[in-house]
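Proteins come first, then strands; the chains are lettered A, B, ... in the order of their sequence lines, and each starts at number 1.
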Amino acid sequence: MKCRVCRAPAVLDIRRHNAAFCRDHFVKHCREQVRRAIDDQHMIAPGDRVLVAVSGGKDSLALWDLLVHLGYEADGLYLGLGIGEYSDASGEAARAFARDRGLELREVDLAAEYGYDVPGAAATTHRSPCGACGLSKRHVFNSVAVEQGYDVVATGHNLDDEAAVLLGNVLRWETGYLGRQHPVLPASPGFARKVKPLYRVGERETAAYCVLVGIDYQVEECPMAEGNRHLGYKEVLNALEDRSPGAKAAFVFGFVDRAHERFADDAGTEREGLRACAVCGSPTTAEVCAFCRLRERVGSRAVHAR
Amino acid sequence: MVLRNPRREVEMPGPLTVAALLEQLEVNPESVLVIQGDMLVTRDARLSDTDVVEIRPVTSGGAE
């Protein structure tokens with residue numbers, strides 16, 4: 001295969017674009033896709049301070065690299081989840097990335113800061129590990145952003161992530177979630193703006209970007225995610241994509257452009273009932289937010305177990 | 001040919017294309033990168049008996 005742009009030998013083909021690219025033009029393609037996402041969706045304004053949610057995996061490190069190359073002031077935040085060797089290797093990948101590029105990486109450790117880790121939370125609450133992990137990440141990333149004066153939290157959600165979440169939300173007609181599923185969630189009292197600059201880039205492309213620009217990322221998949229519903233949705237979507245290239249992009253971009261607005265009222269109803277959490281002060285629809293309820297449950301179980 | 005996936009190493013007789021290799025292994029091309037040395041290879045690339053390639057999964061699944 002030849003590069004669509006320069007006709008040099010290609011290193012990656014992207015069937016949904018009916019194109020292949022050499023290294024340099026693939027890297028340029030990725031940067032253009034992220035630039036377009038940021039501009040089209042008004043994700044980041046000039047002078048905004050960006051906090052990148054960094055896991056040490058391909059998506060978050062590619063995102064951080066892309067944002068820095070596009071000229072944004074972007075620091076990273078790594079959250080220690082306590083998932084054994086997986087977390088050790090992930091944290092080291094994030095630290096090495098920041099160290100090698102002279103970037104600032106903030107770190108929060110769930111166990112040290114909040115008294116629990118993801119495996120412990122999953123075991124004691126019978127909540128899925130991914131549920132406890134996602135809840136913890138959303139709370140901590142937002143809290144640090146608000147407390148430290150960042151304008152925006154950028155996450156590494158890619159096209160495949162968005163397609164899988166969208167499929168799950170549609171299958172169960174989660175209209176509130178559909179109203180909140182968008183590349184940009186505007187800031188509101190107690191919440192920093194949240195953006196997903198990789199929503200136009202597939203995860204095969206973020207992995208390829210890392211390989212081609214020399215980013216050493218955590219290749220191993222999280223052991224606690226094995227067999228989860230999200231991976232099942234991705235398998236189905238990839239089978240569809242193999243038969244019909246462009247299906248995932250059409251699904252996600254069509255939703256963002258033509259369907260999301262129809263569910264905005266469902267999300268808006270939930271936002272209207274927000275008040276301050278009685279424990280931590282974060283915005284919540286309940287008296288105590290879900291994060292503090294999780295901490296309370298894990299803490300009380302730990303006391304009973306002694 | 002030795003294939004490295006984090007979980008296994010297998011030998012396959014060459015020559016064959018990357019596309020044929022993935023088909024024989026029943027791997028969806030959408031879900032992997034094929035890496036030879038430190039370079040990516042496209043699905044039309046021909047692999048010989050002595051080539052060593054890594055088939056690296058790209059699917060991550062940490063959403064709630």
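Salt-bridge check for A:Glu241 with A:Arg16: failed, with every basic side-chain N at 4.0 Å or more from each acidic carboxylate O. A salt bridge between A:Lys248 and B:Glu30 is present, with a side-chain N of the basic residue lying under 4.0 Å from a carboxylate O of the acidic one. Remark: A:Asp161 engages A:Lys234 in a salt bridge, criterion side-chain N to carboxylate O under 4.0 Å.
With sequence neighbours excluded, the residues that form a side-chain contact (heavy atoms from CB on, under 4.5 Å) with A:Asp242 are A:Arg15, B:Asn28, B:Pro29. Residues that satisfy the ring pair (Phe, Tyr, Trp, His ring centres under 6.0 Å) test with A:Phe141, not counting sequence neighbours, are absent from this structure.
Looking at A:Phe26, neither its backbone nor its side chain comes within 4.5 Å of chain B, counting heavy atoms on both sides. Contact annotation for A:Ala10: both backbone and side-chain heavy atoms come within less than 4.5 Å of a heavy atom of chain B. For A:Asp13, the parts lying near chain B are the backbone and the side chain together; criterion is any non-hydrogen pair under 4.5 Å. With a 4.5 angstrom heavy-atom cutoff, A:Asp59 touches chain B only via side-chain atoms. Heavy atoms closer than 4.5 Å to chain B are found nowhere in A:Leu237, neither backbone nor side chain.
In terms of non-hydrogen atom pairs under 4.5 Å with chain B, the most contact-rich of A:Glu226, A:Met1, A:Arg23, A:Met224 is A:Met1. The most heavy-atom pairs under 4.5 Å with chain B, out of A:Ala208, A:Ala239, A:Cys222, come from A:Ala208. Counting heavy-atom pairs closer than 4.5 Å to chain B, the top-ranked of the candidates A:Gly57, A:Gly168, A:Pro9, A:Ala207 is A:Ala207. Per-residue counts of heavy-atom pairs under 4.5 Å with chain A were compared for B:Asp38, B:Val34, B:Val32, B:Ile35; the largest is that of B:Val32.
Minimum interatomic distance between A:Val118 and A:Pro129 (heavy atoms only, all atoms of both residues): CG1-O, 3.7 Å.
Using a 4.5 Å heavy-atom cutoff, the side chains of A:Arg204 and B:Leu33 are in contact.
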